[in-house]
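Each remark here refers to the structure printed beneath this line.
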Amino acid sequence: MITGKYPALRLRRNRKNSWSRKLIQENTLSSNDFILPIFLIDGSNKKESITSMPDVYRYTINRLAQIVDKAIDNGLPMVALFPKTRNSLKNEIGSESLNENNLVCKAIVEIKKRYKNQIGIMCDVALDPYTSHGHDGLIKSNQIINDETIKVLINQSLLQAEMGCDVLAPSDMMDGRVGEIRKALDQVGYQNIQILSYAAKYASSFYGPFRDAVGSKGSLKGDKKTYQMDFRNTDEALREVALDVKEGADMVMVKPGMPYLDIIKSIKEKFKIPVFAYQVSGEYSLISHAIKKKLINEDAIYESLVAFKRAGANAIVSYYADRINKIIK
Ligand code: PBG
């Protein structure tokens, strides 16, 4: 209940001094709240900049330590791996996703070898980095075919689990995939592999720079509206979450982040489960470019990240995660 009345009550009293403002703070951030996405490329000794994402790079496997060391120094609990697959390895059915020597698999092995369990590894389960058409699933007569796609996603999940991935993150939005992946994992003894489902993933314009980063931008034919959600909808997001939780999701993701704070809040209130927010590439690039152009100052980054905590997110996937301690200070 909100009570009190001016002049007996003056909310500015508590705000007067910095020490007092600290005491009444409701939300704070720590490095424990962050997951760092890492982009991978093949080749050797390369750290390649991404035009649309200032200060974000693609790393070859032998340069990975540079960024993972930074993640560990910052105290981050987890990294998320995303490959930029060479075009010559892409095809209609995304078969490179099942190659145990693909970039993601090599990176998992490398990180686990070097860092053991010092840091968690999360991997997307979806075909878009591997398909020539840039879609997350298989296509037949111009349709993304659900159940056939799930069969491939199961194999991708099992492979990534076998390599040492800790958290599988289906980001494909096929119906029923969480349950099928959980079942397949359990059958072969991977009961302890976690599933972070991108349960509420919207068909969004904010993914643009990411598609540039993983090289699927030019190739994407059409849009993803038959599987990703309509940004006009809330109830549908709650139904997606309800299904994924029943199917065995340990945590759920809302994506994009900042335009969907209301969705984070509703999910948290209704389901009482771990909810993660993805501050996606478009959000990152907007903020970063605006700072570079001096339209806003650097403090906007911290403000944008606290917003997720205020909405109820447990953790945040952000391209700022490698600099988080500086940002928090
Ligand atoms: C692929 C995937 C996407 C992102 C993460 N996984 C793009 C898409 O669905 O087209 C976007 C992340 C970002 O924009 O930062 N399934």
Side-chain angles (χ1 to χ4, degrees), residues 34-40 50-58 78-85 90 94 96-97 103-104 122-139 144 146 149-150 152-153 156-157 160 165 167-174 177-178 181 195-231 240 252-260 276-289 304-305 308 316-322:
F34 287 89
I35 299 164
L36 175 70
I38 298 177
F39 293 112
L40 309 164
I50 300 165
T51 341
S52 54
M53 300 181 75
D55 306 315
V56 178
Y57 302 87
R58 304 182 190 95
M78 186 156 78
V79 293
L81 303 176
F82 296 102
K84 182 180 184 204
T85 308
K90 294 184 183 181
E96 178 67 4
S97 64
L103 281 173
V104 167
M122 155 183 158
C123 295
D124 254 36
V125 179
L127 300 183
D128 57 312
Y130 308 103
T131 51
S132 44
H133 43 71
H135 280 287
D136 295 32
L138 304 176
I139 303 183
I144 309 295
N146 196 87
T149 297
I150 291 180
V152 186
L153 299 179
Q156 185 185 23
S157 301
Q160 293 182 152
C165 172
V167 177
L168 292 166
S171 71
D172 56 287
M173 290 296 282
M174 296 301 115
R177 87 287 203 211
V178 171
I181 292 171
I195 296 182
L196 164 56
S197 141
Y198 289 80
K201 178 168 179 179
Y202 288 87
S204 170
S205 296
F206 286 90
Y207 307 146
F210 175 93
R211 291 179 190 165
D212 176 26
V214 300
S216 67
K217 194 175 204 135
S219 44
L220 181 62
K221 299 196 174 71
D223 56 51
K224 300 191 175 185
K225 290 181 185 166
T226 70
Y227 46 107
Q228 299 180 349
M229 270 189 303
D230 186 335
F231 51 76
E240 284 285 1
V252 296
M253 181 89 83
V254 176
K255 181 178 173 196
M258 190 132 84
Y260 298 86
F276 292 9
Y278 199 137
Q279 183 181 53
V280 299
S281 57
E283 302 171 55
Y284 174 85
S285 294
L286 281 173
I287 296 169
S288 296
H289 279 111
S304 74
L305 296 169
F308 296 118
I316 305 154
V317 183
S318 170
Y319 301 96
Y320 290 114
D322 59 333

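Every number for a ligand or one of its atoms is a count from 1 in the order of the listing. For this chain, numbers begin at 1 and follow the sequence in order.
Side-chain polar atoms of Ser216 and Asp128 form no donor-acceptor pair below 3.5 angstrom. Side chains of Gln279 and Ser304: a donor on one and an acceptor on the other come within 3.5 Å.
For Phe276 and Phe308, the ring centers are positioned 6.0 Å apart or more.
Taking 4.0 Å as the cut-off, Glu283 does not count as a neighbour of ligand 1 on heavy-atom distance. Note on ligand 1: Tyr278 sits in its first shell, one or more heavy atoms being nearer than 4.0 Å.
Surrounding CZ of Phe206 are at most 12 heavy atoms belonging to other residues, nucleotides or ligands under 6.0 Å away.
In terms of polar-atom proximity, defined here as any N/O pair under 3.5 Å, Gln279 makes no such contact with ligand 1. Checked against a 3.5 angstrom limit, the closest N/O atoms of Asp128 and ligand 1 fall inside it.
For the pair Lys255 and Tyr207, the cation-pi test (distance below 6.0 Å, angle within 45°) is passed.
Proximity of a side-chain donor or acceptor of Asp124 to a complementary backbone N or O of Ala126 within less than 3.5 Å is not detected. In this structure, the side chain of Tyr57 does not engage the main chain of Phe39 through any donor-acceptor pair within 3.5 Å. For Thr85 (side chain) and Pro129 (main-chain N/O), a donor-acceptor pair under 3.5 Å exists by modelled atom type.
For ligand 1, the atoms closer than 4.0 angstrom to any heavy atom of Lys224 are 8 (C), 9 (O), 10 (O). Under a 4.0 Å criterion applied to the non-hydrogen atoms of Arg211, ligand 1 contributes the atoms 8 (C), 10 (O). Below 4.0 Å from some heavy atom of Lys201 lie the following atoms of ligand 1, by number and element: 1 (C), 2 (C), 3 (C), 6 (N), 8 (C), 9 (O), 16 (N). Counting the atoms of ligand 1 from 1 in the order shown, those under 4.0 Å from a heavy atom of Lys255 are 2 (C), 3 (C), 4 (C), 5 (C), 6 (N), 11 (C), 12 (C). Close approach to Ser171 involves these atoms of ligand 1, each under 4.0 Å from a residue heavy atom: 1 (C), 6 (N), 16 (N).
The closest protein non-hydrogen atom to atom 14 (O) of ligand 1 is Ser281 OG, 2.7 Å. Summary of contacts: the protein heavy atom closest to atom 6 (N) of ligand 1 is Asp124 OD2, 2.9 Å. In terms of protein heavy atoms, atom 12 (C) of ligand 1 is closest to Phe210 CD1, 3.3 Å.
Considering Asp136, Val254, Val280, Asp172 as possible partners of Lys201, the one that fulfils the side chain to side chain contact (heavy atoms under 4.5 Å, CB included) test is Asp136.
To the nearest 0.5 Å, atom CZ of residue Arg177 and atom CD1 of residue Ile150 are 8.5 Å apart.
With a 4.0 Å cut-off on non-hydrogen atoms, Val280 touches ligand 1 through its backbone as well as its side chain. By the criterion of a heavy-atom distance under 4.0 Å, the side chain of Asp136, and not its backbone, is placed next to ligand 1. Only the side chain of Tyr319 comes within contact range of ligand 1, with a heavy atom under 4.0 Å; no backbone atom does.
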